[in-house]
Every structure is written in structure tokens, then in C-alpha cells.
Amino acid sequence: MDLELPLGTDPVAVLRRVEMLEHVLERAVALPGIRRKVGLDAVIGLVPIAGDVVAAALGMYLVWEARNLGMSKWQLARMTTNVGVDTLLGAIPVAGDLFDFMFRSNRRNLKIIRRHIDRHHPHARVIEG
């Protein structure tokens with residue numbers, strides 16, 4: 001993954017920033033032995049309260065970027081709900097940490113953003129192979 005952070009406000013730059021943040025939050029490190037990747041969201045979620053608040057703030061950054069793209073209030077509400085569910089259930093000791101490991105709110109939100117960009121900004125469309 002390219003480490004250069006695009007700073008523009010165009011849909012391509014926003015998508016690259018969001019993809020980079022999602023990668024760091026959800027799948028930055030592969031856990032040995034189980035072939036499952038985890039990210040900063042699951043790791044900082046191990047810190048009671050403060051970790052969940054930081055993870056929620058980083059997740060809400062994705063929603064803020066989506067708002068800047070002009071996404072509908074319905075899409076923003078779905079994204080906010082994903083972050084809220086992740087935060088509330090992730091705050092439960094032990095069980096919440098397991099939930100954080102399985103529920104990938106930032107991944108879900110990235111899919112919502114990609115669908116929006118594919119429909120409303122076709123020049124920024126991502127072709128996955």
C-alpha cells in the first residue's frame with residue numbers, strides 16, 4: 001500500500017485517505033497461527049473506556065469524510081450506527097474485545113463510501129481485481 005497521504009478534497013483523495021485509515025484500524029497486522037488480521041481498533045479496544053473512545057473518534061473520522069463527499073443523511077446514519085454498535089458492544093469487558101475482533105465497523109463503512117463513489121463520482125471508481 002502506498003504510504004503517501006493524499007491531502008486533496010476530490011473523491012479520489014478522500015477515498016485513498018479512508019482506505020488507508022480503514023487498513024490501519026481493521027487489518028494492519030496478521031495474527032500468527034490463526035490467519036486473521038487485526039488493526040488498531042481491536043488493539044486499543046483492549047484499554048478500558050479510553051481505547052473505545054479513541055477507536056470511536058477514529059471511526060467517526062470516516063463518517064466526517066463521507067459527509068464531505070455529500071453522502072445522504074441515511075448513509076451517514078448507517079455509518080454512525082456501525083460506529084456506535086462497535087463502540088457500545090466493544091466497551092463490554094472481555095466479550096466486547098471478542099466482538100471488536102469480529103465486527104468490523106470501519107470495513108462496513110468503507111464499503112458504503114465505495115458504493116457512493118462508484119455511483120456519484122464515476123471518474124474515481126475503483127476496479128478491484
Side-chain angles (χ1 to χ4, degrees):
M1 179 167 252
D2 187 13
L3 296 177
E4 183 179 330
L5 183 64
L7 300 176
T9 58
D10 60 293
V12 175
V14 171
L15 181 61
R16 290 197 53 219
R17 274 195 308 271
V18 167
E19 287 174 337
M20 291 169 81
L21 182 60
E22 183 273 336
H23 178 79
V24 169
L25 290 174
E26 300 291 4
R27 52 193 169 91
V29 178
L31 292 178
I34 63 170
R35 302 171 117 192
R36 178 89 172 168
K37 291 187 176 186
V38 297
L40 191 60
D41 187 16
V43 173
I44 64 175
L46 296 172
V47 178
I49 301 170
D52 295 311
V53 170
V54 170
L58 291 170
M60 287 305 292
Y61 175 76
L62 295 177
V63 179
W64 182 75
E65 287 281 17
R67 183 191 63 85
N68 290 341
L69 283 173
M71 292 177 66
S72 72
K73 289 183 181 181
W74 171 250
Q75 290 169 315
L76 296 175
R78 284 182 55 204
M79 292 175 69
T80 303
T81 300
N82 285 338
V83 174
V85 166
D86 189 19
T87 303
L88 291 176
L89 295 179
I92 300 169
V94 182
D97 298 326
L98 294 174
F99 178 77
D100 269 346
F101 185 69
M102 300 305 290
F103 185 78
R104 309 272 177 129
S105 64
N106 299 304
R107 183 77 175 155
R108 292 169 184 252
N109 289 344
L110 176 61
K111 286 181 182 180
I112 294 170
I113 292 171
R114 280 185 177 155
R115 274 194 303 260
H116 172 81
I117 287 177
D118 287 348
R119 286 187 190 136
H120 300 285
H121 306 281
H123 63 283
R125 182 171 289 152
V126 175
I127 299 173
E128 295 182 20

Quiz item: Out of Arg104, Arg27, Arg17, Arg108, which residue meets the side chain to side chain donor-acceptor pair (under 3.5 Å) rule with Glu22?
Solution: Arg27
Quiz prompt | Linked, directly or transitively: Leu89 and Ile44 (ILVMFWY side chains, under 4.5 Å) | solution = no
Quiz prompt | Cluster overlap Tyr61 with Met71, hydrophobic side-chain contacts below 4.5 Å | solution = yes
Exercise. Please step through side chain to side chain contact (heavy atoms under 4.5 Å, CB included) for the pair Asn68 and Thr9, ending with a clear verdict.
Key: CA-CA 8 Å; Asn68 290 341; Thr9 58; over 6 Å; no
Quiz item: Hey, mind stepping through Asp118 and Arg115 against side chain to side chain contact (heavy atoms under 4.5 Å, CB included) and telling me if it holds?
Solution: CA-CA 5 Å; Asp118 287 348; Arg115 274 194 303 260; 5.7 Å; no
Practice problem: Taking all non-hydrogen atoms of both residues into account, name the closest pair between Pro11 and His121 and its distance. | Solution: CG-ND1, 3.4 Å
Practice problem: Please check if Val43 and Val54 belong to a single hydrophobic cluster, counting links between Ile, Leu, Val, Met, Phe, Trp and Tyr side chain heavy atoms closer than 4.5 Å. | Solution: no
Exercise. Quick one: pull up CG in Asp41 and CG in Asp86 and give me the separation to the nearest 0.5 Å.
Key: 5.0 Å
Practice problem: To the nearest 0.5 angstrom, please state how far the CG atom of Asp100 sits from the OG atom of Ser105. | Solution: 8.0 Å
Self-check item: Criterion side chain to side chain contact (heavy atoms under 4.5 Å, CB included) on Lys37 and Glu26, from CA distance to verdict
Solution: CA-CA 7 Å; Lys37 291 187 176 186; Glu26 300 291 4; over 6 Å; no
Quiz item: Mind checking whether Phe99 and Phe103 have parallel, tilted or perpendicular rings, split at 30° and 60°?
Solution: parallel
Quiz item: When rounded to the nearest 0.5 angstrom, what distance separates CG in Leu62 from CG in Leu21?
Solution: 5.0 Å
Quiz item: Would Val38 end up clustered with Met102 when hydrophobic side chains under 4.5 Å apart are linked, directly or stepwise?
Solution: yes
Self-check item: Pair Arg114-Glu19, salt bridge (charged side-chain N to carboxylate O under 4.0 Å, His left out): steps then yes or no
Solution: CA-CA 10 Å; Arg114 280 185 177 155; Glu19 287 174 337; 2.9 Å; yes
Practice problem: Might you confirm whether atom CD1 of Ile34 has over 12 heavy atoms from other residues, nucleotides or ligands at distances under 6.0 Å? | Solution: yes
Exercise. Mind checking the OG1-CG spacing from Thr87 to Asp52? Nearest 0.5 Å is all I need.
Key: 7.0 Å
Quiz prompt | CG-CE distance between Asn106 and Met60, expressed to the nearest 0.5 angstrom | solution = 11.0 Å
Self-check item: Value rounded to 0.5 Å, distance of CZ in Arg107 from NZ in Lys111
Solution: 6.0 Å
Quiz item: Hey, quick one: are Trp74 and Ile113 part of the same hydrophobic cluster, counting side-chain heavy atoms closer than 4.5 Å, chains of contacts allowed?
Solution: no
Self-check item: Heavy-atom donor-acceptor pair, Gln75 side chain to Ser72 backbone, under 3.5 Å
Solution: yes
Exercise. State, yes or no, whether a side-chain contact exists between Leu15 and Glu65 at a heavy-atom distance under 4.5 Å.
Key: no
Distance-only criterion, 3.5 Å: show the donor-acceptor pairs between side-chain atoms of residues 76-85 and protein atoms not counting sequence neighbours.
from  : atom 1 : to     : atom 2 : distance (Å)
Thr80 : OG1    : Leu76  : O      : 2.8
Thr81 : OG1    : Ala77  : O      : 2.8
Asn82 : ND2    : Asn109 : OD1    : 2.9

Quiz item: Is the shortest heavy-atom distance from the side chain of Leu110 to the side chain of Val18 under 4.5 Å?
Solution: yes
